[in-house]
Structures are given as C-alpha cells and as structure tokens.
Amino acid sequence: MAIVVDIDVMLARRKMSVAEFSEAIGISPANVAVLKNGRARAVRFSTLDAICRVLECQPGDILRWEPEA
C-alpha cells in the first residue's frame, strides 16, 4: 500500500512502549501492531485524534504517501 504509517518512529521519539501507547489511546496492542505494520485498511478519525493527542503530533507526522514501485 502506498500509505505508510510511522507510529513506530513517533513512539521511539517519545520513548513510549506499545503497551503504554495502546492503553493511552484505548485500542489493543494487537491493533497498534496492525497500524504499525501497515496492515490496517482504515483508521477512524477518533482513533487518529487520540493518536495525535497522545503523541502530540499532526496526522502528517504519522501518515505519509509513497508511490508504489
């Protein structure tokens, strides 16, 4: 998929574990892994809002588009 999710980069910058992050945004660690690995088919705006609130970032900081090869 051409949309890349950079949650792992933001978590590393914030020195936050997946467990802490998943609890803070209210989704399971398994669903965080789905987002991190690019396997998510959709993201709710409420989830995106929670991610940005917890990581203190903008949606563009965690989502980017890359052309497919």
Looking only at atom types and distance, does a side-chain atom of Glu20 sit under 3.5 Å from a main-chain N or O of Ser17, one as donor and one as acceptor?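 Checking the backbone N and O of Ser17 against the side chain of Glu20, a donor-acceptor pair under 3.5 Å is found.
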
Does any N or O in the side chain of Arg14 come within less than 3.5 Å of the main-chain N or O of Glu56, such that one atom is a donor and the other an acceptor?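 Checked: pair present.
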
Measuring from Leu55:CG to Ile25:CD1, what's the distance to the nearest 0.5 Å?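 Answer for the CG-CD1 pair, Leu55 versus Ile25, is 8.0 Å.
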
Separation of Leu11 CG from Met16 CE (nearest 0.5 Å):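 Here the interatomic distance stands at 7.0 Å.
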
Flag if over 12 foreign heavy atoms under 6.0 Å of CZ, Arg44: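 Not buried by this count: 12 neighbours or fewer within 6.0 Å.
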
Salt bridge (Lys or Arg N to Asp or Glu O under 4.0 Å) involving Arg13 - partner list, sequence neighbours excluded: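 In terms of salt bridge (Lys or Arg N to Asp or Glu O under 4.0 Å), with neighbours along the sequence ignored, Arg13 is linked to no residue.
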
Please identify each residue that fulfils salt bridge (Lys or Arg N to Asp or Glu O under 4.0 Å) with Asp8, with sequence neighbours left out.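 Applying salt bridge (Lys or Arg N to Asp or Glu O under 4.0 Å) to Asp8 gives none.
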
Can you find a heavy atom in the side chain of Met10 that is under 4.5 Å from one in the side chain of Ile51?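 In short, these two side chains do not touch, never coming nearer than 4.5 Å.
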
Grab the two heavy atoms, one from Cys52 and one from Pro59, that are nearest each other, plus how far apart they are.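 Taking every non-hydrogen atom into account, SG-N, 3.6 Å.
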
Please name the pair of heavy atoms, one in Val32 and one in Ser22, separated by the smallest distance, quoted to 0.1 Å.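 Result for this residue pair: CG2-CB, 3.6 Å.
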
Any link between Val18 and Val34 through a network of hydrophobic side chains (Ile, Leu, Val, Met, Phe, Trp, Tyr) touching at under 4.5 Å?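 No, it is not one cluster - the side chains of Val18 and Val34 are not joined through contacts under 4.5 Å.
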
Do you reckon Val9 sits in the same ILVMFWY cluster as Val4, going by side-chain contacts under 4.5 Å, direct or chained?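 Hydrophobic grouping puts Val9 apart from Val4.
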
Asp6 and Arg64: side-chain contact (heavy atoms from CB on, under 4.5 Å), yes or no, with the steps? CA-CA 8 Å; Asp6 288 326; Arg64 63 186 163 88; 2.6 Å; yes

Going by the rule side-chain contact (heavy atoms from CB on, under 4.5 Å), which residues pair with Ala33 if we only count those two or more places apart in sequence or in a different chain?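 Result, side-chain contact (heavy atoms from CB on, under 4.5 Å) vs Ala33: Asn37.
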
Cys57 vs Ile62, test: side-chain contact (heavy atoms from CB on, under 4.5 Å). Steps then yes/no. CA-CA 8 Å; Cys57 67; Ile62 56 171; 4.0 Å; yes

Could you walk me through whether Phe45 and Asp49 pass the side-chain contact (heavy atoms from CB on, under 4.5 Å) test, one step at a time? CA-CA 6 Å; Phe45 280 119; Asp49 176 65; over 6 Å; no

Before giving the answer on side-chain contact (heavy atoms from CB on, under 4.5 Å), spell out for Leu63 and Leu48 the whole-Å C-alpha distance, their side-chain angles and the decisive distance to 0.1 Å. CA-CA 10 Å; Leu63 299 174; Leu48 185 57; 4.2 Å; yes

